[in-house]
Structure formats: structure tokens, C-alpha cells
Asker: 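Sharing a structure, written as C-alpha cells. Questions coming.
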Amino acid sequence: MEVTVQLDPDKQLELFGPADSHLRLLRRSLGVQITARQSDLRISGADASVHRAAEVIDQMQKHLLKYRQLTADDVTEFVEQGPTPGRAETDQAITVYSNKVIEPSTEGQLKYIETMLRNDVTFCTGPAGTGKTYLAVAVAVSMLKKRQIRRIVLARPAVEAGEKLGFLPGDIAAKVNPYLRPLFDAIEDMMDFGQMRKFMELDIIEIIPLAFMRGRTLNEAAIICDEAQNTSGLQMLMVLTRLGHGSKMIITGDVTQVDLAANQKSGMVEAIEILGRIGGIGVVELSQQDIVRHRLVQDIVEAYRTRQEARGRTGERGRSW
């Protein structure tokens with residue numbers, strides 16, 4: 001039997017060890033033949049041994065990405081600990097261009113990442129600080145790095161959060177920058193500025209207002225629609241129908257912070273009601289327990305939620321916060 005394992009080309013020397021000592025250790029311990037071909041490793045031998053060697057190499061790569069070093073003792077431990085129970089792909093590290101390792105911090109976040117990888121369209125709702133946007137961008141950047149997609153499209157509706165900003169100076173990029181800043185912040189955390197700027201110049205990464213998506217078909221792309229609670233029903237339908245071949249779409253928003261007119265229903269809420277049972281479309285609801293910002297954010301969200309529930313019980317009218 002023979003299998004091929006794809007390697008991170010930037011980490012091959014550390015993975016192989018001094019004078020290929022880590023690979024020789026695997027050959028001796030597991031009785032397999034290992035041949036390096038550019039960014040691939042070919043493993044051949046008995047079926048069980050080949051599968052075990054592939055699993056150990058996968059563990060070695062994850063360890064190297066997370067801890068930035070790999071010793072002979074680490075490799076020996078992986079070999080001797082025996083096969084690990086099957087784990088979901090999302091239990092593994094999400095690697096981005098900065099070689100930063102991003103892992104879910106809560107069960108809800110783990111479910112969110114699993115749902116994104118398993119479905120072509122994912123809706124994620126939840127309060128502020130639960131990582132809705134950040135994890136969506138992380139999955140998209142990881143897919144781009146692995147060449148599973150050719151581009152990333154990040155979009156938000158240009159709706160002001162309860163205040164009128166008035167006329168904004170500058171060209172169109174300057175005008176929409178305040179609305180799109182959270183997406184810039186997330187992506188800047190996953191690659192250096194020079195690389196991000198190059199990708200944006202080449203349209204490999206495109207950050208745009210929602211209205212600019214009309215009339216387009218986006219193939220082989222990861223499409224993220226952020227703050228989607230502020231879309232109308234027609235806007236949400238327009239976004240969803242941009243999905244092309246080989247693409248993945250992630251719709252995120254906090255349905256308790258709708259900035260639309262009081263008589264207008266959120267397009268995100270409507271879409272979840274209509275589409276939630278269709279195969280290939282996943283829905284995740286993150287909660288207060290998934291908040292990973294400052295510890296006070298959980299208390300703030302809970303206090304406002306309690307106040308909103310009290311208003312509902314007494315019949316007091318008020319907009320969603």
C-alpha cells in the first residue's frame with residue numbers, strides 16, 4: 001500500500017529533523033518506506049503501518065505548527081502512544097499565513113467550525129465577542145492557504161448603528177472603510193500587512209459593501225457576509241444567489257442588534273426560518289457562554305438580555321439592542 005501526505009513547504013526541514021533523523025525514526029519504528037518528493041511524502045508498506053505512519057506525520061505537523069519546534073522525543077512519543085481516536089477535522093489546528101494556530105475556545109465555537117467545513121452555506125448568530133467573524137475569516141484564510149479556493153470575498157451592509165455619520169469625504173474606498181474595518185482587523189491578524197495588501201491588489205481578497213455584490217457569480221471563493229442581521233429580505237436573497245461552483249458562504253450576525261427600521265424584518269432571520277432545513281445549509285447559534293472577549297463582555301450581554309426580557313414581560317416597548 002502507498003499513500004501520499006502533503007506537507008507545509010515552509011516547515012519541511014524541522015519536520016524531517018537533523019539529517020532526516022525524524023523520518024529515519026519512523027522507518028525503523030513502523031517498518032515503512034518514506035520518500036520525499038517536493039512538498040509530498042510517499043509512504044509505502046503494510047496497510048496498518050502506512051496508516052499509522054500517516055497519522056504520526058499528521059500529529060508531527062500539528063505539533064510543529066503549534067509549538068514551532070519538534071524534537072526526537074516528540075516523535076517517539078507520537079509513535080509509542082498508539083493510534084488516537086477518530087477526531088473531527090475541526091479538532092485540528094486552523095493554520096493561517098502568519099503560521100498562527102487558531103483553535104476553538106468553546107464547544108460552541110468547535111461546532112461552528114465543524115458546520116462551516118461540512119456545509120456550503122452556514123448561518124451563525126450570537127452575541128458580540130463570540131468569534132463569529134473572526135473564525136469565519138480564519139476558515140476562509142486557511143482554505144486559501146491550502147488552495148481549496150481561489151479568492152475570499154468579505155462583505156457587510158453599510159448600515160449605521162443608531163447614528164447618522166453624514167457625508168464622508170474621500171473616494172469610495174474611504175467612504176466604506178468605517179463599515180468594513182472589523183473585517184480588516186480580522187484578516188490583518190492572520191497575515192502580514194504586505195501580503196494582505198498584495199492579495200487585495202490582485203483581488204484575491206476583496207472587501208466590499210454588500211451592494212457591490214449584485215449581478216456577480218462567485219466561483220471557487222469563500223464568501224463571508226458579516227453583520228447580516230442588517231440585511232433586508234431582498235438583500236439576503238441577492239447575497240445567497242451569488243454562490244457559485246466550488247464556493248463556500250458564511251453568513252454571520254447578532255439578531256439582537258438589528259439597526260434596520262423598526263417595521264423591517266431582518267433578512268438573516270427570515271432566511272434562517274426559510275432555509276434552515278435544507279441539506280448543505282448549516283445553522284449555528286452561539287451563546288453568552290461562547291464569548292471570548294474581556295470577561296466583562298459576558299456580564300454586559302447578560303445584563304442587557306435580562307433588561308430586554310423584563311421589557312417583554314411588562315409590555316414596555318423598545319428597540320432591540
Side-chain angles (χ1 to χ4, degrees), residues 112 116 121-141 143-144 149 151-168 170-191 196-197 199-200 203-218 221-244 247-261 264-272 283-284 286 293 320-321:
Y112 178 31
M116 284 189 283
V121 177
T122 299
F123 291 91
C124 180
T125 65
T130 51
K132 302 182 299 294
T133 302
Y134 189 82
L135 291 176
V137 172
V139 168
V141 171
M143 291 178 68
L144 183 65
I149 55 172
R151 61 190 313 208
I152 298 173
V153 178
L154 308 168
R156 286 182 66 155
V159 176
E160 295 157 348
E163 57 182 322
K164 299 298 181 183
L165 299 180
F167 173 77
L168 294 173
D171 58 15
I172 186 63
K175 291 178 189 297
V176 302
N177 184 70
Y179 301 106
L180 305 177
R181 188 69 249 176
L183 295 171
F184 281 106
D185 291 342
I187 210 159
E188 282 177 359
D189 198 41
M190 299 176 196
M191 62 180 67
M196 183 185 78
R197 183 173 180 178
F199 281 168
M200 293 182 68
D203 277 341
I204 294 173
I205 295 176
E206 188 176 3
I207 305 178
I208 57 174
L210 199 65
F212 285 30
M213 295 179 70
R214 187 172 298 278
R216 302 176 64 181
T217 300
L218 300 170
I223 307 147
I224 300 173
C225 179
D226 193 36
E227 295 292 332
Q229 78 275 5
N230 288 326
T231 59
S232 67
L234 289 176
Q235 285 178 319
M236 179 54 62
L237 177 60
M238 180 271 292
V239 171
L240 291 168
T241 52
R242 301 309 96 199
L243 188 68
S247 290
K248 186 179 293 290
M249 182 174 288
I250 305 159
I251 313 290
T252 69
D254 181 354
V255 295
T256 67
Q257 299 195 55
V258 178
D259 298 310
L260 300 171
Q264 188 173 10
K265 186 173 184 178
S266 166
M268 182 181 192
V269 173
E270 184 179 57
I272 292 174
V283 179
V284 178
L286 299 177
R293 288 183 186 165
S320 296
W321 49 276

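Computed from a predicted model, the values in this text were never measured in an experiment. Atom set for the values below is all heavy atoms of this structure, side chains included, hydrogens, waters and symmetry mates excluded.
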Asker: Where do Thr122 and Tyr112 land on the side chain to side chain contact (heavy atoms under 4.5 Å, CB included) test, with the steps shown first?
Answerer: CA-CA 9 Å; Thr122 299; Tyr112 178 31; 4.3 Å; yes

Asker: Quick check for you: to the nearest 0.5 Å, what is the distance between Met238 atom CE and Leu240 atom CG?
Answerer: 9.5 Å

Asker: Does Val284 form a side chain to side chain contact (heavy atoms under 4.5 Å, CB included) with Met116? I'd like the steps, not just the answer.
Answerer: CA-CA 9 Å; Val284 178; Met116 284 189 283; over 6 Å; no

Asker: Under a 4.5 Å cut-off applied to non-hydrogen side-chain atoms, are Lys248 and Ile149 in contact?
Answerer: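 Sidechains of Ile149 and Lys248: no contact.
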
Asker: Quick check for you: to the nearest 0.5 Å, what is the distance between Leu243 atom CG and Met249 atom CE?
Answerer: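 Here the rounded value is 5.0 Å.
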
Asker: Would you say that Ser247 contacts Ile223 through its side chain, given a criterion of any heavy-atom pair below 4.5 Å between the two side chains?
Answerer: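 In contact.
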
Asker: For Pro127, does its backbone N or O pair with a side-chain atom of Lys132 as donor and acceptor, under 3.5 Å?
Answerer: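 Yes, because the side chain of Lys132 sits within donor-acceptor range (under 3.5 Å) of the backbone of Pro127.
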
Asker: Listed by chain and number, what are the salt bridge (Lys or Arg N to Asp or Glu O under 4.0 Å) partners of Arg197, not counting sequence neighbours?
Answerer: Glu201

Asker: Report yes if the side chains of Val258 and Asn230 come closer than 4.5 Å at any heavy-atom pair, otherwise no.
Answerer: yes

Asker: List the atom of Ala136, the atom of Thr252, and the distance in Å for their closest heavy-atom pair.
Answerer: CB-CG2, 4.5 Å

Asker: Looking at every heavy atom in both Thr217 and Gly244, which two are closest together, and how far apart are they?
Answerer: CG2-CA, 4.1 Å

Asker: Quick one: salt bridge (Lys or Arg N to Asp or Glu O under 4.0 Å) pairs with a partner in residues 203-213, sequence neighbours left out?
Answerer: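 Pairs touching residues 203-213 that pass the test: Arg151-Glu206, Glu206-Arg216.
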
Asker: Considering only heavy atoms from C-beta outward, does the side chain of Gln229 approach that of Glu227 to under 4.5 Å?
Answerer: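 Yes - at least one pair of side-chain heavy atoms lies under 4.5 Å apart.
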
Asker: If you look at every heavy atom in Met268 and Ala228, which pair is closest and at what distance?
Answerer: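 In terms of heavy atoms, the two residues are closest at CB-O, 3.4 Å.
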
Asker: Shortest non-hydrogen contact from Cys225 to Leu210?
Answerer: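 Result for this residue pair: SG-CD1, 3.7 Å.
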
Asker: Flag the pair Tyr134 / Asp189 as yes when at least one side-chain heavy-atom distance between them is below 4.5 Å, and no otherwise.
Answerer: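 Heavy-atom side-chain distance check passes, below 4.5 Å.
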
Asker: Rounded to the nearest 0.5 Å, how far does SG of Cys124 lie from CD1 of Ile250?
Answerer: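 It is 9.5 Å, given to the nearest 0.5 Å.
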
Asker: Can you give me the closest heavy-atom contact between Met236 and Gly267, atom names plus distance?
Answerer: CG-O, 3.6 Å

Asker: Go through it in stages, so that I can follow the logic: the residues are Leu154 and Asp226, the test is side chain to side chain contact (heavy atoms under 4.5 Å, CB included), and I'd like the CA-CA distance, side-chain angles, deciding distance and then a yes or no.
Answerer: CA-CA 8 Å; Leu154 308 168; Asp226 193 36; over 6 Å; no

Asker: Could you check if a side-chain atom of Arg156 sits within less than 4.5 angstrom of a side-chain atom of Thr133, using non-hydrogen atoms only?
Answerer: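 They are not in contact (no side-chain heavy atoms under 4.5 Å apart), so the answer is no.
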
Asker: Where do Val255 and Val269 come nearest, in terms of heavy atoms and distance?
Answerer: CG1-CG2, 3.6 Å

Asker: Side chains of Thr231 and Val239: closer than 4.5 Å at any heavy-atom pair?
Answerer: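 No; the side chains remain at least 4.5 Å from each other.
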
Asker: To the nearest 0.5 Å, what is the distance between CD1 (Ile152) and CZ (Phe199)?
Answerer: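 The CD1 atom of Ile152 sits 8.5 Å away from the CZ atom of Phe199.
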
Asker: With heavy-atom distances below 4.5 Å as the criterion, would you say the side chains of Arg242 and Val153 are in contact?
Answerer: no

